[in-house]
Amino acid sequence: MTVESTAARKPRRSAGTKKSPSTEPELVQLLTPEGERVKNAAYDKYVAGITPDELRGLYRDMVLTRRFDAEATSLQRQGELGLWASLLGQEAAQIGSGRATREDDYVFPTYREHGVAWCRGVPPENLLGMFRGVNNGGWDPNSNNFQLYTIVIGSQTLHATGYAMGITKDGADSAVVAYFGDGASSQGDVAESFTFSAVYNAPVVFFCQNNQWAISEPTEKQTRVPLYQRAQGFGFPGVRVDGNDVLACLAVTKWALERARAGEGPTLVEAFTYRMGAHTTSDDPTRYRGDEERQSWEAKDPILRLRRYLEASNHADEGFFAELEAESEALGRRVREAVRAMPDPDHFALFEHAYADGHALVDEERAQFAAYQASFADEGDH
Amino acid sequence: MTVESTAARKPRRSAGTKKSPSTEPELVQLLTPEGERVKNAAYDKYVAGITPDELRGLYRDMVLTRRFDAEATSLQRQGELGLWASLLGQEAAQIGSGRATREDDYVFPTYREHGVAWCRGVPPENLLGMFRGVNNGGWDPNSNNFQLYTIVIGSQTLHATGYAMGITKDGADSAVVAYFGDGASSQGDVAESFTFSAVYNAPVVFFCQNNQWAISEPTEKQTRVPLYQRAQGFGFPGVRVDGNDVLACLAVTKWALERARAGEGPTLVEAFTYRMGAHTTSDDPTRYRGDEERQSWEAKDPILRLRRYLEASNHADEGFFAELEAESEALGRRVREAVRAMPDPDHFALFEHAYADGHALVDEERAQFAAYQASFADEGDH
Amino acid sequence: MAEKMALAKAINESLRRALESDPKVLVMGEDVGKLGGVFRVTDGLQKDFGESRVIDTPLAESGIVGTAIGLALRGYRPVVEIQFDGFVFPAYDQIVTQLAKMHARSLGKVKLPVVIRIPYGGGIGAVEHHSESPEALFAHVAGLKIVSPSNSSDAYWMMQQAIQSDDPVIFFEPKRRYWDKGEVNTEAIPGPLHKAQVVRAGTDLTLVAYGPMVKTCLEVADAAAEEGRSLEVLDLRSVSPLDFDAIQASVEKTRRLVVVHEAPVFFGSGAEIAARITERCFYHLEAPVLRVGGYHAPYPPARLEEEYLPGLDRVLDAVDRALAY
Amino acid sequence: MAEKMALAKAINESLRRALESDPKVLVMGEDVGKLGGVFRVTDGLQKDFGESRVIDTPLAESGIVGTAIGLALRGYRPVVEIQFDGFVFPAYDQIVTQLAKMHARSLGKVKLPVVIRIPYGGGIGAVEHHSESPEALFAHVAGLKIVSPSNSSDAYWMMQQAIQSDDPVIFFEPKRRYWDKGEVNTEAIPGPLHKAQVVRAGTDLTLVAYGPMVKTCLEVADAAAEEGRSLEVLDLRSVSPLDFDAIQASVEKTRRLVVVHEAPVFFGSGAEIAARITERCFYHLEAPVLRVGGYHAPYPPARLEEEYLPGLDRVLDAVDRALAY
Ligand SMILES: Cc1ncc(C[n+]2csc(CCOP(=O)(O)OP(=O)(O)O)c2C)c(N)n1
Ligand SMILES: Cc1ncc(C[n+]2csc(CCOP(=O)(O)OP(=O)(O)O)c2C)c(N)n1
Ligand SMILES: [Mg+2]
Ligand SMILES: [Mg+2]
């Protein structure tokens with residue numbers, strides 16, 4: 001799906017209220033699906049000084065992230081990747097929150113935070129190594145303060161909390177963002193991270209992308225009440241934000257990060273959004289959800305709404321969009337080429353990095369493996 | 001400590017308000033520490049029909065439980081038990097909640113619910129086997145619908161939830177009470193039990209005895225806000241009750257059980273109480289807490305306040321108290337004798353019950369053990 | 001009633017039969033309902049037996065096993081799915097401390113007939129945590145029984161028996177063999193659950209394996225036969241208890257033993273088998289028991305798994321080494 | 001600076017030294033603060049180093065290990081206490097899936113110098129879950145190192161080395177030896193952390209053990225000496241890696257090996273040692289490697305633990321059996 005086609009699509013029904021479907025509670029929204037800027041007394045100030053350039057930047061981030069994601073999906077279809085977990089539909093949640101972070105902040109992602117990785121400056125092709133099967137995490141977490149993807153659900157929320165505890169000990173004013181999903185909210189580790197961060201008043205923002213689904217299970221299988229409310233019982237605030245509104249996500253995350261920096265402890269942000277695609281390329285969502293739901297969310301497309309706002313406010317012209325389209329295509333090409341050029345790891349990589357300081361058994365097995373490999377080479381020699 | 005001496009003690013300071021110390025929120029109280037019955041619009045009806053006989057019964061339960069507990073403590077000092085976890089101070093929480101249960105309800109205790117065990121009809125001496133080291137749980141959980149003690153903190157809350165899910169599947173109107181401590185509230189398992197019970201609307205009452213301490217750690221090390229509030233974020237109600245007020249504990253637990261039976265799902269009851277003794281006989285609380293705190297709680301003694309009420313309302317006379325004192329002594333004797341008579345398990349018990357359907361390796365090891373044992377017998381023969 | 005079916009389908013049919021014949025049987029796990037599980041092993045079951053018996057659970061493995069224990073206490077027989085091998089560890093405490101020990105703790109009063117299904121092992125090109133073989137981490141723990149079928153018929157029957165067992169059973173499903181077809185006779189009378197089976201008779205050396213490696217060992221035996229060597233292949237089927245009698249009987253004949261599993265060699269099943277068989281057959285063995293398995297390293301990324309997993313060549317190499325003694 | 005001190009006190013002193021010399025070292029766990037831990041191993045440390053460095057944590061083991069990982073990512077070197085062996089399992093997922101694998105996952109970019117202290121083993125007459133020996137459940141997992149001192153000096157020095165290690169180390173403390181006194185020279189230069197030590201030389205048979213069983217084996221050697229048998233006792237000190245070279249060297253001399261540990265025999269350390277040493281020393285061994293350890297049953301109630309634990313008689317019995325070959 002190109003950006004052009006997204007941008008051209010018309011909203012199927014008006015969802016321009018500040019409320020999500022009737023049973024759902026209020027959420028923070030600064031941009032309606034139609035791209036109208038609505039006032040919000042509490043959060044406006046966090047985006048008050050935003051420049052047209054920055055707004056275009058957010059748009060660009062979302063478009064390029066989506067393009068990258070689409071490329072990865074097609075690379076999977078072509079057999080270049082073993083698997084891909086698409087972020088389609090969650091661009092605003094990720095770019096808004098990602099752009100709220102400061103360079104010295106630290107981010108703990110799940111496996112779907114490609115947009116956040118983008119904001120942190122992780123080269124997108126580096127994300128693909130693990131999905132191609134050449135490594136289990138192909139970047140240095142400390143280069144961009146962006147942890148490796150964590151596949152086992154919920155674990156990273158505790159690492160984030162510990163890291164944040166360390167920030168406090170250092171007397172620094174950095175903060176941490178821990179990403180997790182609606183499904184993850186059920187894991188004991190997530191609850192324990194709430195407890196630890198509250199007790200130690202750790203500077204961590206828990207950013208829950210409630211994309212309505214945990215593979216085939218809707219959020220009702222995880223909770224009876226909106227997830228942002230979970231925080232209260234642990235003694236810190238929770239807020240629900242329109243996860244398809246990049247401005248609102250930016251503002252709310254900035255607010256939460258400021259609280260963290262000011263020593264006010266953790267915050268839970270629930271970004272109410274939607275997983276537009278399959279769970280991963282291995283998944284078949286037609287088995288468990290209808291198309292209407294997806295369509296209703298298409299009307300709330302995060303990229304479309306910012307485009308409308310940029311156009312209506314004359315913050316971007318055709319030239320900008322055209323240039324971005326070209327940049328987008330170039331990114332796709334670059335990623336495609338980078339992935340295809342990614343070498344398979346050397347066989348001896350099996351024995352690398354199990355330990356930092358070495359381990360006698362690993363040495364022994366490496367030597368046996370080398371001898372075994374050599375035995376084939378010998379055969380070849382005859 | 002005998003009941004006499006407790007009853008004779010005067011409260012050190014008036015704690016006759018409905019509030020616990022200033023920072024603490026409102027709690028449900030029906031009897032003040034001075035033994036005055038205070039009205040409570042919401043909960044009075046759950047004890048409205050209570051007879052003097054039943055009131056004396058509650059008193060008797062608490063006194064005998066305390067006597068049993070004191071006997072166990074001294075049996076430990078005499079070397080008859082390896083360890084004892086005293087419930088001193090928590091009699092009202094346990095008797096009130098325990099007496100609220102119906103025969104077909106099921107209770108999942110921690111390791112300190114001697115008073116609840118009493119209410120369920122578990123012979124008190126049976127509780128002592130594990131503390132003596134002759135077994136790891138000396139009663140049939142299904143005889144009294146009282147699960148074995150669970151030492152690993154929090155685990156039983158999930159068992160309770162699963163059991164309650166089973167009740168729902170059976171279409172029964174029984175309910176489950178899961179006991180746990182303030183420390184336990186931090187365990188991931190407890191949070192997961194909240195999630196499961198909420199999602200499946202399971203008939204379970206989570207009864208948290210907040211006795212202010214988890215070994216040496218005060219409740220502030222587990223949470224920044226009162227524990228009963230934890231429930232709300234999971235979508236069910238939580239309430240704090242005066243854990244030293246047996247009537248209030250009875251009423252609130254009855255209310256929560258009725259909700260459960262009526263298909264209204266789980267409830268969290270936080271019984272605000274105090275661990276008057278050491279964590280266990282192995283513990284030395286002088287290392288981490290001062291005596292003033294303990295003294296202030298002595299003024300709220302659960303037995304004393306019911307006695308005052310019984311006396312003031314002429315529901316019990318001297319004869320009753322004297323008879324109870326004799327019964328109490330007899331119980332102590334019975335328990336002491338039963339424990340001393342408890343035989344060590346047969347050596348072959350090592351190989352019993354690891355499996356229900358047998359296991360080849362266990363058979364093999366049993367046979368080897370028998371041969372090994374026999375080799376000594378042979379030696380003796382020479 | 002013999003029918004050819006894929007191993008995954010055999011388990012599906014076996015679960016269906018159990019759900020039909022015993023109203024206390026439940027199926028529970030993440031995505032086991034409408035989706036039918038990520039491998040479709042529970043396909044169609046929720047549709048036919050309803051949400052009360054085939055239960056989509058919250059995403060919390062400790063919660064799944066912990067509530068299954070509670071359901072078993074209430075008289076149910078839950079069959080729990082853990083979505084992938086690497087996701088069983090959040091439930092590890094409930095499994096080793098509660099599920100395994102409650103029967104003993106209660107002096108036999110309480111029975112916990114819980115089956116934990118775990119698709120395990122590698123070879124499917126998956127991302128991290130989706131290819132592990134953690135059976136040794138459960139076998140060390142008394143109170144659990146551990147089995148792993150290698151073919152459709154065993155998958156069907158061993159699942160029936162696991163569900164009927166009054167002990168907790170961890171049922172390791174060889175995920176890379178899910179699509180392999182085999183004959184299933186749904187009216188047969190199966191042998192005991194914890195007995196090994198000679199799946200190929202031979203005289204020169206015994207290969208023992210279970211689950212996914214049985215097929216590999218049969219291929220090894222074929223290849224060895226071409227070189228004039230007669231290998232006996234024993235499908236252990238059960239990891240706890242281990243059928244040492246069957247291994248011993250074979251080794252007394254062949255005098256050489258190679259154990260093959262995907263799990264790391266270090267502290268793996270092969271260690272226990274080697275130690276005990278060496279003790280039992282000390283004067284029979286012409287060569288030390290050799291082990292072929294994973295290395296002492298985290299399961300590698302997919303592009304390296306072929307080097308990590310025991311394949312034809314590595315097993316043959318061990319066979320050659322054993323025969324060279 | 002040689003001084004006699006109890007094993008628990010040696011660890012306390014070692015922690016104190018680490019806290020003094022490296023501001024990044026932290027001590028954390030349940031009740032490690034004012035109480036000084038239930039065994040007083042952290043006694044006085046919070047008083048002297050403050051609540052920011054000696055941290056009483058919430059009651060949640062997964063949280064303790066998970067936040068320790070995060071602290072290590074931030075550059076700290078946390079030394080975590082798990083109160084008793086049986087309470088490590090709620091943290092098992094964080095240990096085997098995160099702590100053990102993150103270094104490899106990051107291709108070596110991330111180091112996690114976390115020490116997990118676990119008082120382990122039986123013999124103190126405790127209630128359930130307070131006497132287990134779960135080392136094998138960690139040894140099977142690559143990425144972890146596992147050690148267990150048997151005496152005060154090793155306790156002191158091995159803790160220093162464990163804290164300095166850039167790999168995660170599980171430090172199993174033999175709780176029933178906490179009160180045993182031994183010489184500690186705080187100015188010595190210790191040998192490598194993962195090397196075994198011959199603690200008694202002998203010629204007729206090798207006994208290997210670690211942690212609490214070393215003392216038992218020394219007593220066995222004394223008793224055997226009275227019967228004219230010369231046993232060599234090897235204190236392994238490290239369970240992962242295992243010092244096979246040292247065992248091999250001893251067995252090539254004595255030709256007989258008995259492995260002793262408290263943990264259940266089935267899938268225990270003895271299995272790995274027996275398997276590998278039999279392979280390495282096939283032509284040297286006069287007898288199969290024999291194992292003495294716990295039975296395949298949950299750790300029994302205290303009044304039975306003497307029968308369950310390997311004691312003088314049971315080890316001597318195995319020695320006799322090995323010598324009878
Ligand atoms: C501990 C664990 N259990 C199960 C899985 C399998 N799994 C992977 S993603 C997923 C659903 C996650 O849902 P959610 O947290 O909502 O995140 P989303 O995928 O929607 O971004 C599941 C069950 C896992 N990765 N880890
Ligand atoms: C998983 C686990 N970790 C640690 C312990 C050790 N331990 C036993 S009781 C206890 C404190 C429990 O406090 P709380 O839940 O408040 O119950 P209380 O003892 O006050 O009744 C601790 C840490 C344990 N039993 N299980
Ligand atoms: Mg989701
Ligand atoms: Mg407490």
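Letters A, B, ... are given to chains in the order of the sequence lines, protein chains preceding strands, and every chain is numbered from 1.
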Under a 4.5 Å heavy-atom cut-off, does chain A meet the side chain of [X], its backbone, both or neither?
| X | value |
| --- | --- |
| C/Q46 | neither |
| C/Y299 | backbone |
| C/R321 | neither |

Contacting moiety of [X], where chain C heavy atoms sit under 4.5 Å:
| X | value |
| --- | --- |
| A/H279 | neither |
| A/Y288 | both |
| A/L83 | side chain |
| A/D182 | neither |
| A/L361 | side chain |

Between A/I215, A/T223, A/D346, A/N135, which residue shows the highest count of heavy-atom pairs closer than 4.5 Å to chain C? A/I215
Max heavy-atom pair count under 4.5 Å with chain C, selected residue of A/E365, A/R366, A/M130, A/K221: A/E365
Without swapping roles, check the side chain of C/H261 against the backbone of C/G270 for a donor-acceptor pair under 3.5 Å. yes
Side-chain donor-acceptor contact under 3.5 Å, C/Y308 with A/H347: no
For a quick check under 3.5 Å, do A/Q222 and A/S186 share a side-chain donor-acceptor pair by atom type? yes
Between C/Y92 and C/F138, is a ring pair (Phe, Tyr, Trp, His ring centres under 6.0 Å) present by the stated rule, with each step listed? CA-CA 9 Å; C/Y92 195 72; C/F138 296 95; 5.3 Å; yes
Among the options C/V38, C/V265, C/T57, C/I124, pick out the one with the most heavy-atom pairs lying under 4.5 Å from chain A. C/T57
